[in-house]
Amino acid sequence: MTLKFTNTLSRRLETFEPIHPGEVSLYTCGPTVYDTAHIGNLRTFMFEDLLKRFLIYKGYRVSHVMNITDVDDKTIDRAITEDLSLTELTEHHTRIFLEDLRTLNILPADYLPRATEFIPQMVESIKVLLEKGHAYRTDEGSVFFDVSSFPEYGRLARLDPEQLRSGERVADDDYQKDEARDFALWKARKPTDGDYAWPSQWSAGRPGWHIECSIMSTHFLGKHFDIHCGGVDNIFPHHENEIAQSRCLHNTPFVNLWLHSEHLIVDGQKMSKSLGNFYTLQDILDRQCSPEAVRYTLLATQYRQKLNFTFPRVQESQKAINRLRELVRRLEEVPSSQTGTRPEIPDKAVEAALDDDLNIAGALGAIFSWARELFGLMDGCDLSHEAASKSLEALRRYDEILGVIYFNLDSETGADIKRLIKERDQARKDGDWARADAIREELLTRGIILEDTSSGTIWKKG
RNA sequence: GGCGACGUACCCAAGCGGUCCAAGGGGGCGGUCUGCAAAACCGCUAUUCACCGGUUCGAAUCCGGUCGUCGCCUCCA
């Protein structure tokens with residue numbers, strides 16, 4: 001099986017070959033912590049989690065770096081308007097962000113560097129770019145990257161640098177630069193920045209956005225590493241600029257594989273922080289959606305497809321998860337004396353689908369067809385105990401990638417539910433169907449479905 | 001104006017020239033089971049893949065055109 005990805009650089013499906021066999025260096029663009037992440041941001045982190053989990057499943061050792069952008073225009077503006085220190089603001093949102101990742105069962109990165117921790121290194125690199133003639137200083141003390149000094153500029157985004165020069169959308173910032181397309185490496189402090197400025201030989205100021213990723217990725221992963229991810233909106237200008245800086249700085253290839261996830265839309269409409277039509281994870285959980293159902297929803301659409309987020313879809317996801325959990329429950333009940341058929345475990349189909357540019361729908365299709373087969377055999381008492389054990393092992397393996405079956409399984413306040421189930425059991429024994437049904441109804445309004453099975457009453461999320 | 005993506009059943013969605021007169025999930029209908037349900041199982045729910053033409057022995061899959069939806073073109077994942 002060969003792992004293939006659509007590389008943004010070539011827009012083609014390419015066989016993945018890590019620089020060092022068996023190891024993958026992965027950099028994923030993290031959040032700008034000026035506000036709570038919305039569900040669209042989380043879609044990208046979800047895609048990156050699937051990528052990382054599948055690489056680990058394939059046996060690679062993954063070094064994963066995710067930056068935290070804790071200084072830029074937005075964080076500074078927000079800190080000042082909310083009358084907080086920059087650190088108070090960014091630490092608060094960083095904490096919420098990391099909590100959201102945990103809630104969604106997203107594996108944490110190995111390194112989570114903050115931009116503010118690397119400013120001296122950024123200054124040092126900007127100095128090198130100036131020395132090499134790839135950047136220039138303005139009178140006010142800002143430093144800009146000279147796009148004309150890098151002939152390959154525009155290759156990732158497939159944009160013609162000449163046309164960028166005469167673009168309609170002139171930058172609205174008030175820095176002086178030679179060309180509209182040039183971008184900031186260092187921004188001299190403005191009065192609206194308050195006290196937030198760091199020293200440099202050009203001015204007290206702060207780094208531009210793009211330089212942080214160039215510096216922090218190479219710091220942890222080396223000048224040439226395997227994979228760099230982000231949302232499609234990062235292709236231009238952010239990643240284009242990162243490439244320009246890094247290539248000019250080190251004269252190395254920088255990144256082999258660029259992967260970008262499509263946007264999430266809500267009810268068919270584009271969503272972005274600037275439009276303000278966003279749901280946070282908490283907003284969604286407040287509507288009785290379980291974290292695993294949200295996770296499944298974000299996971300189940302291939303990363304290069306737009307994902308239309310709707311609440312009915314989250315409900316569908318919950319049902320799909322329930323089906324897999326029901327399968328686990330039934331498999332665990334197969335008696336040890338049971339003999340019968342041993343259906344084929346769909347390892348190959350699952351891996352082949354994910355190998356093909358993370359075709360998650362194909363992988364889920366293979367798992368669910370197999371699930372149907374298993375249910376059928378169990379209904380006919382024709383699944384051997386050994387096959388059931390092997391199937392459970394396979395489900396555990398798949399869930400190392402999916403993270404929805406065993407995750408968050410018993411998080412509900414179970415005691416109260418169990419008490420009501422007990423009460424209902426007694427009512428059923430007494431033939432008090434009205435009372436039994438009333439209890440079932442009551443739990444249903446709390447999003448809990450009761451099912452009477454041969455081995456007793458069980459409950460699941462609705 | 002430039003670059004690019006997409007259009008498959010009621011909804012979501014796989015499919016990458018034949019094994020597809022099209023996976024899988026959700027929904028609906030009928031049946032088995034059940035105190036009733038639910039779950040599970042069985043059957044049904046696209047002679048068809050936006051539309052038109054072409055290439056081919058053969059196309060949802062390749063090519064051309066039309067229509068439609070959407071994204072990017074300086075800092076929004």
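Letters A, B, ... mirror the listed sequences (proteins, then strands); counts begin at 1. What you see below is based on every heavy atom in this structure, not just the backbone, and it leaves out hydrogens, waters and symmetry mates.
- Stacking between F45(A) and rA77(B) is absent: the aromatic ring centre is not both under 5.5 angstrom from the base six-membered ring centre and within 30 degrees in plane angle.
- Each of rA77(B), rA37(B), rG26(B) was ranked by its minimum atom distance to the side chain of K319(A); first place goes to rG26(B).
- The partner of rU56(B) cannot be assigned: no Watson-Crick or G-U wobble pair with both contacts below 3.5 Å exists in any strand.
- Here the side chain of D437(A) is nearest to one of rG25(B), rC36(B), rA38(B), namely rC36(B).
- Relative to the side chain of L159(A), the nucleotides rG71(B), rG2(B), rG26(B) differ in distance, and rG2(B) lies closest.
- Note: Y296(A) and F368(A) have perpendicular aromatic rings, judged against thresholds of 30 and 60 degrees for the angle between ring planes.
- Comparing the P positions of rG25(B) and rG35(B) gives a spacing of 28 Å, expressed to the nearest Å.
- For N41(A), taking side-chain heavy atoms from C-beta onward, the closest of the listed nucleotides rG26(B), rA77(B), rA40(B) is rA77(B).
- Comparing rC12(B) with rG17(B), their C1' atoms sit 27 Å apart, to the nearest whole Å.
- Nucleotides rG24(B) and rU66(B) have their C1' atoms positioned 33 Å apart, rounded to a whole Å.
- Of the candidate nucleotides rA23(B), rA40(B), rC75(B), rA40(B) has the atom nearest to the side chain of R330(A).
- Picking from rG35(B), rA77(B), rA38(B) the nucleotide with the shortest atom distance to the side chain of R43(A) gives rA77(B).
- Nearest nucleotide to the side chain of R372(A), out of rA77(B), rC42(B), rG27(B): rC42(B).
- In this structure, the nucleotide among rC41(B), rA37(B), rG25(B) sitting nearest to the side chain of A320(A) is rG25(B).
- Of the residues listed (V123(A), T138(A), L185(A)), the one engaging W202(A) in a side chain to side chain contact (heavy atoms under 4.5 Å, CB included) is V123(A), and it is the only one.
- Taking atom C1' on both rG65(B) and rU55(B), the two are 15 Å apart, rounded to the nearest angstrom.
- Closest to the S369(A) side chain, of the nucleotides rA23(B), rA40(B), rA14(B), is rA23(B).
- Going from the C1' atom of rC73(B) to that of rC57(B) covers 46 Å, rounded to whole Å.
- The shortest non-hydrogen separation linking S455(A) to R329(A) is OG-NH1, 4.2 Å.
- Note that R287(A) lies in the cation-pi zone of F311(A), set by a 6.0 Å cut-off to the ring centre and a 45° limit from the axis.
- Taking atom P on both nucleotides, rU61(B) is separated from rG30(B) by 37 Å, rounded to a whole Å.
- rU69(B) and rC51(B) have their C1' atoms separated by 15 Å, given to the nearest Å.
- On a pure distance criterion of 3.5 Å, no polar donor-acceptor pair joins the side chain of D379(A) and the base of rC42(B).
- Candidate nucleotides rC36(B), rA40(B), rA23(B) were compared by shortest atom distance to the side chain of A361(A), and rA23(B) ranks first.
- Between R323(A) and E326(A), no side-chain nitrogen of the basic residue sits less than 4.0 Å from a carboxylate oxygen of the acidic one, so the salt-bridge criterion is not met.
- Across the protein-nucleic acid pair, K306(A) atom NZ and rC12(B) atom C1' stand 16 Å apart, rounded to whole Å.
- rA14(B) atom P lies 13 Å from atom CG of L299(A), rounded to whole Å.
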